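What follows is a short report on a single structure.
Just so it is clear, the structure is predicted and the values come from calculations on it, not from any experiment. Heavy atoms only: backbone and side chains are in, while hydrogens, waters and symmetry mates are out.
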Number of protein chains: 2
Amino acid sequence: MAITHTQPRFSSKLTSQCQNCSLSALCLPIALADEDINRLDQIIERKKPLKKGEFLFRQGDNFDSLYAVRSGTLKTYNITSLGEEQITGFYCPSELLGLSGIDSSSYPVSAKALETTTVCEIPFSHLEELSTQIPSLKHQIFKIMSRKISDDQQMMVLLGKKNADEKVASFLLNLSNRFKRRGYSASSFRLSMSRGEIGNYLGLAVETVSRVITRFQKNELIHVDGKEIEIVNFEEMQKLVGVAHDCDKIAHF
Amino acid sequence: MAITHTQPRFSSKLTSQCQNCSLSALCLPIALADEDINRLDQIIERKKPLKKGEFLFRQGDNFDSLYAVRSGTLKTYNITSLGEEQITGFYCPSELLGLSGIDSSSYPVSAKALETTTVCEIPFSHLEELSTQIPSLKHQIFKIMSRKISDDQQMMVLLGKKNADEKVASFLLNLSNRFKRRGYSASSFRLSMSRGEIGNYLGLAVETVSRVITRFQKNELIHVDGKEIEIVNFEEMQKLVGVAHDCDKIAHF
DNA sequence: CTGGTAGCCTGACACAGATCAATAAACTTA
DNA sequence: TAAGTTTATTGATCTGTGTCAGGCTACCAG
């Protein structure tokens, strides 16, 4: 929830980092009183960076904390009964991980860094306590969890109904939106995950992801150079995804 | 959260229905003090039954309330940009609907009754208020939302990685577990949804669902008579799904 | 520099499941 | 009861994507 963009500093003497954090508008969309932000700030621990491939937590670990991404990217994944990995999400700066652990008191997924990554740790018991004292904070947590539920359901629609082109286009536009929200370019960004990880996440084979991306480039929808992506033709991409504009089609039976 | 199994009664004079409700153990897994149950009870409205095909709420409606299913079944679904419906969940007695509406203040899905259905309405603003006064209630809401997030992620694994047989087997065993938890037979139950709705939910064509079910019957995994299902060979069904037993295979890299 | 590894791309082919079509069964309404 | 409608089943065929196999490139360690 509270994130700073400054260089990692580990002194607990630094308070009010959330206020200075360029991402706090995203973490705390409903402005808390200054005093409340301070209180929130005090329960948050800034952790030392994870290197690529390191775990933030593992499936089965005791649940203690939520984590807000400060910089870098992580993936969460399940291990299926066959021992394969199924990626359930990618997490960019300002996004919150670990919500699925609250219920069972252990994390039902593993979280691994895709690159050098820093996070803020938010001990859940403290957060919960604080949320008793600050109703707007509690409301904010409800909203964040609710949002996660809607987003996951959109993902279910994608996995259940879309073809390969639509999946990849949705994925790229989704990333684009997330970068945009953070103040970065919506049209030009770097993929921190491999083609294999994209395919895993979207329910596609690596080869299919590769072919679709190549074809998109051939059709001048995007420009690709390895992990660098530039979205050239937003309009066509959105048509592929099926944007909400043509919602007049929607009937309520 | 609070549900009664008695015949529908609409007098607001009836208090403490939650205590008498055979489902309350499911709604209130962490026992609230009697006094707290009463307070919860007082904010809950028992609504008149929905007939098959009627809406509980529609995509875009203002979000006001959560709903707990008392009897019957509902489905929730999205309308995709092409105007098709994508079912995102089925809801049986004791289960809670509407969580995805908290974030955006309008429901992002529609909820429709699959048969005659009664629900308890829980005005969210009241619930939130009450949760400020009763920390264990707040905790319970966090847990329920967290559980929903884990469940949806399991569904993403199913949609992304499983084949038709595994999907249908998972679906049937999932229903079986839910009936069992409610004290009904785990092996013998009635599907309240059509084959088309099952297919839609699982990302399969109707014909595929039909064929898989027929084949399961041929192989004596289940016995089917229209909407009546009997699971005959649990062990084989669980093998199909890939139960968690063979988790020694799982490596943590 | 060399060899090794991992990621990515591309082509050929196979197959699970979609689609199309026709019939049968179940339910609805009059 | 019959007529009409929806739902389920079954068979025949088609197709999008997975699978397999090969090669290319980039990067790292020695």
Between C:dG17 and B:Thr208, is there an OP1 or OP2 to side-chain N/O distance shorter than 4.0 Å? no
Is there a donor-acceptor contact under 3.5 Å from the side chain of A:Thr73 to the main chain of A:Ser192? no
With sequence neighbours excluded, tell me which residues meet salt bridge (Lys or Arg N to Asp or Glu O under 4.0 Å) with B:Glu54. none
Expressed as a whole number of angstroms, how long is the span from B:Gln217:CD to D:dT10:C1'? 14 Å
Does the ring of B:Phe179 carry B:Arg182 above it, NZ/CZ under 6.0 angstrom from centre and within 45° of its axis? no
Distance, rounded to the nearest Å, where B:Arg215 contributes CZ and D:dT10 contributes C1': 13 Å
Contacts of type ring pair (Phe, Tyr, Trp, His ring centres under 6.0 Å), residue A:Phe63, not counting sequence neighbours: A:Tyr107, A:Phe124
Atom CD in B:Gln154, atom OG in A:Ser100: separation rounded to 0.5 Å? 10.0 Å
Taking only side-chain nitrogens and oxygens of B:Thr214, does any of them come within less than 4.0 Å of OP1 or OP2 of D:dT10? yes
How would you list, by chain and number, every residue that makes a side chain to side chain contact (heavy atoms under 4.5 Å, CB included) with B:Ser106, sequence neighbours excluded? B:Ser104
Near DNA chain C, which residues from residues 192-206 of chain A have a heavy atom under 4.0 Å away? A:Ser194, A:Arg195, A:Gly196
Heavy-atom contacts under 4.0 Å between residues 153-166 of chain A and DNA chain C, which residues? none
What contact category does A:Lys167 fall into here, base, sugar-phosphate, or nothing, at under 4.0 angstrom with non-hydrogen atoms? nothing
Does either side chain, that of A:Thr88 or that of A:Thr76, offer a donor lying less than 3.5 Å from an acceptor on the other one? yes
Protein-nucleotide distance (B:Leu191, atom CG; D:dT9, atom P), rounded to Å: 10 Å
Does B:Leu99 offer a backbone N or O that forms a donor-acceptor pair with the side chain of A:Ser146 under 3.5 Å? yes
Taken in chain and number order and not counting sequence neighbours, the residues that satisfy salt bridge (Lys or Arg N to Asp or Glu O under 4.0 Å) with B:Glu228 are B:Arg190
For the side-chain contact (heavy atoms from CB on, under 4.5 Å) test, which of A:Ile231, A:Val232, A:Leu240 pairs with A:Leu221? A:Leu240
For the ring pair A:Phe189 and A:Tyr184, is the centre-to-centre distance below 6.0 Å? no
Closer than 3.5 angstrom, by distance alone: can the side chain of A:Gln86 be matched with the main-chain N or O of A:Asn78 as a donor-acceptor pair? no
Would you please name every residue forming a salt bridge (Lys or Arg N to Asp or Glu O under 4.0 Å) with A:Glu207, sequence neighbours left out? none
Compute the angle between the rotation axes at the two ends of the helix from C:dC1-D:dG30 to C:dA30-D:dT1, each taken over five pairs, rounded to 10 degrees. 50°
Please list, pair by pair, any protein nitrogen or oxygen found under 3.5 Å from a nitrogen or oxygen in nucleotides 23-25 of chain D.
none

Partners passing ring pair (Phe, Tyr, Trp, His ring centres under 6.0 Å) against A:Phe216 (at least two apart in sequence or in another chain): none
Between B:Glu85 and B:Lys75, does at least one N-O distance fall below 4.0 Å, as a salt bridge requires? yes
Salt bridge (Lys or Arg N to Asp or Glu O under 4.0 Å) pairs, two or more places apart, involving residues 155-176 of chain A: A:Asp165-A:Arg215
In B/S/- notation (B base, S sugar-phosphate only, - none; protein heavy atoms under 4.0 Å), nucleotides 20-30 of chain C written 5' to 3' is B----------
